[in-house]
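What follows is a single structure, written as structure tokens, with notes after it.
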Amino acid sequence: MASKEGAAGQAFGPVLAAVATMQGNVSRSEKTHAHEFLEKFQKSIEAWTITHELLQSPDVPVEAKLFAATTLKGKIIFDLDQLPTESVVALRDSVLNLLVAYASGPRPIQTQLCVCLASLAIQMTGWKDVLATVGSALGSSAGDCVLEFLRILPEEVTEGRKINLSEEDLLTRTKELLEDNAEQVMHLLIQYAQSSPTASTNPRLLDCITSWMREIPAAKIVESPLMDVILKALDNDISFESAVDSMCTLYRDTREVDESLSIIQALYPRLLSLRPKIAEFAGAEDTDAFKGITRLFAEAGEAWVVMIARLPSEFRGLVEAVLECCARDWEHDAVSLTFVFWYELKQYVTLERYGDARVAFTDVFSKLVDIMVKHLEYPRPEEGETDLFGGDREQEEKFRHYRHSMGDVLKDCCAVIGVTECLSKTNALIQQWVSKYASQASDQHVPHWQELEAPLFSLRAMGRMVDPEESTVLSQIIPLIVQIPNQEKVRFQAIMALARYTEWTAQHPETLEAQLNYVISGFQHSSPEVVQAAALAFKFLGTDCQKLLGGHITQLHSFYESVIDKLKPASQEEVTEGVAAVVAVQPLDKIYETMKLFCDPIMARIMNLANNASDEPGQRAVADHLQLITIFVQVVNPYVGPNEDNPSVKYCGEILPIMTTIVMNFTSSTPILERVCRCWRYMIISYRTAMIPLLPTLAQSIANGFEASREGCFLWATDAVVREFSEGAEFVDRSTSNAVFQFYEQQAVAFLRILNELPPENLPDVIEDFYRLSSDAVRFYPKECITSSLAVPIFSAALSALTLQQVDPLIATLHYYHDLFSFAFDKPAVSEFTRSDGDSYSNPPEIREAVKQLILAQGQVLTQRILTGMMFTFPGDCFADASGIMMTLFDLVPQEAGAWVQSTLQMLPAGSMKPGEAERLLKGIADKVQTREIRKIRTLLQDFTHSYRRRNVAPREGLGRLEATRFRFSG
């Protein structure tokens, strides 16, 4: 800033210094200070004058001028009320003068000034000759600048809700600025196109045409000279992308094909005439051109897919053009642009009424399978290169993602031409590789493995479409797969393919042994990915073939013990799921001993690990093994009669004391505590009333754990108890139900004590879990909760929770209020909840009155917390629930709620609201209350708080750009 010493006395000196700091190589604290200063500056009244001075000064750096233009835009959108009404015309004239000064660039500043002018045009409802004024001010020599303003105007009007105009005024202004000017604008665009020799190569003209397609009907564009401009622009590199945008926007206006038949008939032959460009662009270095031509055909197909299905012969050329784009996309950059089209076409041609189209396009979808499988192939590295992607991990991830999308296209092909043909193609490719290369393959070298891996991937991708009864192709493919060589990616894909067809395997038991041996041998592979695939495949084999494997418990146990310690936690879980599924189908008299056979060694590992878990990795290992026990609890859930002992519960009784001891020894280890609570929770969910004998001990363990650790997971486990053992639940007696409610109250007292000792921001997870629990308690124990002595403290504690800024605890708290308040009505949120005697819940008057009294006592503070949260601190995801609570307050106590809103508004900082804004809101609310349009109050409050927040709280644009090191400006 040494060169700016002369400007030190100027008003904008501090702003320039802060801008320089944001861009300079300075400390984080200095940048933070500069950021805060500029953010405050953007909302100040002084910014009106200083931004003009910055933009008018010849000595100010271009980056600072862009910041000034962006700031001025924000001032006009959000802060126009800061200026006297009589100054607005002068502001418009000064912006026009600035635009004239920047008519030749830099373009980023010019664009921001055009947005400024468009935003003024929307708000200055008395300014009727907008286009004439702007055109006159800029003159004929500033054609591109005029085009820029014309392009921006429809975009800003469409986004007009961010400007504080009433709905009626915005609709009126939209008509005046767009609809009433559409014909004049079209005339101007034609005039420019005909008078300028470079019109068809000017992307600004094309962007302007595209922008005004919001108002100018597609038919008028197609019939006008502008259509020739768009098509001619496709021949020029500079204008090509903008021309493609124009064409695709035209398509979108022709989706109602019956109403747009004449337009489609005019566009279709002109589009087909561009087909030679597919081959032309396919070999070009610039892949953007090929992506553009692909977009042209694919989006036309999407728009006219109904016509294609109705008239397959007439529109076959378009379908073949899209297919050609797929076939020629050697760089894999454009094929994804066709995926939506193939899906949409599949949706139509598989309908009975379009059976002829399905037949007509059978060959197209057959070729599409071949093309997609070829695209699935991994790249072949250069000579001497081992990395398939040359070290470009981003490109590798992109390829992985794109393969799965192509798998979806293969499913579409299955739906059109049938699974058998698609599988046959895969089978032929695998057989072809085997006949050509199998004799040359070894574990160390698999020639042309890409040609084998791709059809295996396609087989896996199509799995969802294949019926387990399929009897033609899979019986040929599966025996081939289990002979696939050991190359890492091929072996991985082979095992993943087997995992996809385990339901088929269950129907074809003769193939199970070979598959199981192949999968189990995968656990010995040196590649971690292959091992992970083997674990996943074993999970599905165990789950889907559990009855076939039921008699092999001894072998499974040996296998399980041999691999479990070598696997990563996720794979341990998958193998455990497979084993547990087989344990689950054992005879009832064998369940206990079989569960003990598998789980006792896991418990021994847990105790051994716990004895040495002095650090975080050690504790994580304990937690991971606890998850394996939970899987058995989830999966091994035998049917037992009401008066019989559950063998799984018998085993749970044995391990419950060990888990309780672990909890009390690791009260500060969140992973361990969460996994224990998860296990206890699933004991309740899986075995329900069979757990009643263990319930007192379990409840005490949960309560003690919460007291000792203050972790919310214990409340999560409590929630399962409340849900499963509430009054009226099947096979639950009243004494058990009453004991469960007392357990909830015990947890609530502990929670309130903790919240009294620590601020809410230290307890977001605990607050979330407690209010999720309390929502269920209110739903299942409404009378007990609402008449409890704890009702007021719990309600008040929720008020303090509303000061948080994290989504999850806020949502949980707002849902608690919603569920509680619903009991102030005749039919609360649980009115559909039916008790075991068949009667729906009836909400007595005393409960309704008790809730209403709670609201009357606390409503003032609740309203303040919700409104200020919506204006200042709540994340956006909370707005719907927060405004819903306010709507309920107005439904229940409209007069009081109106007074609470008014007193909250009076607490806002002076000058933060526009003149008359509070009065308009309150009058709007009063009108809606009067007409009983309570739901519309929600919209009023949301619009008000959004507007307030944008003006006073949300960061303005421009600051993020300053953190970049340097800009590139084009004139």
Side-chain angles (χ1 to χ4, degrees), residues 326-327 362-380 403 406-407 409-505 507-519 521-522 525 530 533 537:
C326 293
T362 295
D363 64 322
V364 171
F365 277 91
S366 180
K367 291 173 185 172
L368 184 60
V369 174
D370 299 332
I371 292 166
M372 288 295 143
V373 176
K374 191 65 182 171
H375 279 317
L376 287 172
E377 290 183 13
Y378 271 93
R380 287 160 175 75
R403 289 182 110 204
M406 283 197 296
V409 177
L410 288 171
K411 294 185 188 75
D412 295 336
C413 295
C414 288
V416 177
I417 63 175
V419 165
T420 300
E421 180 171 346
C422 293
L423 286 179
S424 296
K425 286 177 173 289
T426 294
N427 184 35
L429 289 168
I430 295 174
Q431 296 276 13
Q432 181 179 313
W433 185 92
V434 169
S435 64
K436 288 171 67 175
Y437 304 116
S439 61
Q440 308 167 34
S442 66
D443 286 350
Q444 288 74 38
H445 174 67
V446 179
H448 301 282
W449 62 264
Q450 291 92 340
E451 295 175 24
L452 177 59
E453 193 271 352
L456 287 170
F457 183 95
S458 72
L459 179 68
R460 169 187 163 197
M462 293 185 286
R464 190 192 308 166
M465 306 296 294
V466 182
D467 194 287
E469 306 291 333
E470 200 281 332
S471 58
T472 308
V473 186
L474 285 180
S475 55
Q476 301 174 46
I477 296 180
I478 297 297
L480 272 179
I481 291 179
V482 296
Q483 299 174 47
I484 292 295
N486 219 23
Q487 198 274 347
E488 176 185 347
K489 292 195 181 300
V490 173
R491 187 67 183 268
F492 171 84
Q493 215 55 256
I495 292 175
M496 292 296 283
L498 292 179
R500 209 59 171 99
Y501 291 93
T502 50
E503 289 184 34
W504 180 89
T505 302
Q507 302 287 329
H508 300 80
E510 71 279 2
T511 68
L512 175 59
E513 184 177 356
Q515 290 187 62
L516 193 60
N517 289 337
Y518 187 75
V519 168
S521 67
H525 202 282
V530 172

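Given the structure is predicted, the values throughout are model-derived calculations rather than measurements. By convention here, the first residue in the shown sequence is residue 1. FYI, side chains are in, hydrogens and waters are out, and symmetry mates aren't considered; it's all heavy atoms of this structure.
In this structure, the side chains of K425 and V373 stay at 4.5 Å or more apart for every pair of heavy atoms. N427 is listed as a side-chain neighbour of L480, based on a closest heavy-atom distance under 4.5 Å. In this structure the side chain of V369 reaches within 4.5 angstrom of the side chain of I417, judged on heavy atoms.
Not one N or O on the side chain of H448 forms a donor-acceptor pair closer than 3.5 Å with the backbone of W433. Formation of a donor-acceptor pair under 3.5 Å by the K411 side chain with backbone atoms of M465 is not found in this model. Looking at S442, its side chain does come within 3.5 Å of a backbone N or O of H445 through a donor-acceptor pair. At distances below 3.5 Å, at least one donor-acceptor pair connects side-chain atoms of S458 with backbone N or O atoms of P455.
Note that CG of L368 is 11.0 Å distant from CG of D363, once rounded to the nearest 0.5 Å. With rounding to the nearest 0.5 angstrom, the CD1 atom of I430 is 12.0 Å from the OG atom of S435. In this structure, the separation between CD on Q450 and NZ on K374 is 9.0 Å, given to the nearest 0.5 Å. One distance of note links CG of L423 with OG1 of T472; it measures 9.0 Å at 0.5 Å rounding. A distance of 8.5 Å separates OG in S475 from CD in E510, rounded to the nearest 0.5 Å. To the nearest 0.5 Å, the span separating CD on Q493 from OH on Y378 amounts to 7.0 Å.
For E469 against D467, the heavy-atom pair with the smallest separation is N-OD1, 2.7 Å. The two residues A327 and I371 have their closest heavy-atom pair at CB-CD1, 3.7 Å. Scanning all heavy atoms of the two residues, the minimum distance from P479 to V482 falls at O-CG2, 3.2 Å. Closest approach of E488 and V530 over heavy atoms only: O-CG2, 3.5 Å. Looking at every heavy atom in both residues, L459 comes nearest to I477 through CD2-CG2, 3.6 Å. Considering all non-hydrogen atoms of both residues, G522 and R491 come closest at N-NH2, 3.6 Å.
Shown here are the ring pair (Phe, Tyr, Trp, His ring centres under 6.0 Å) partners of H508, two or more places apart in sequence or in another chain: W504.
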- Evaluate the criterion side-chain contact (heavy atoms from CB on, under 4.5 Å) for residue pair R464 and R500; output intermediate values, then yes/no. CA-CA 8 Å; R464 190 192 308 166; R500 209 59 171 99; 3.9 Å; yes

- Task: Dump the intermediate steps for side-chain contact (heavy atoms from CB on, under 4.5 Å) on L376 and L410, then the final yes or no.
- Result: CA-CA 11 Å; L376 287 172; L410 288 171; 4.0 Å; yes

- Query: Going through the distances and angles, do C413 and M462 end up as a side-chain contact (heavy atoms from CB on, under 4.5 Å)?
  - Reply: CA-CA 9 Å; C413 295; M462 293 185 286; over 6 Å; no

- Task: Using the side-chain contact (heavy atoms from CB on, under 4.5 Å) rule, take S521 and N517 through it: C-alpha gap first, then chi angles, then the decisive distance, then the call.
- Result: CA-CA 6 Å; S521 67; N517 289 337; over 6 Å; no

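Residue pairs meeting the ring pair (Phe, Tyr, Trp, His ring centres under 6.0 Å) criterion with at least one member in residues 451-495, sequence neighbours excluded: H404-F457.
Taking the charged nitrogens against the carboxylate oxygens, E451 and R380 do have a contact shorter than 4.0 Å, which makes a salt bridge.
Applying the 6.0 Å contact sphere to CD of Q476 captures more than 12 heavy atoms from other residues, nucleotides or ligands.
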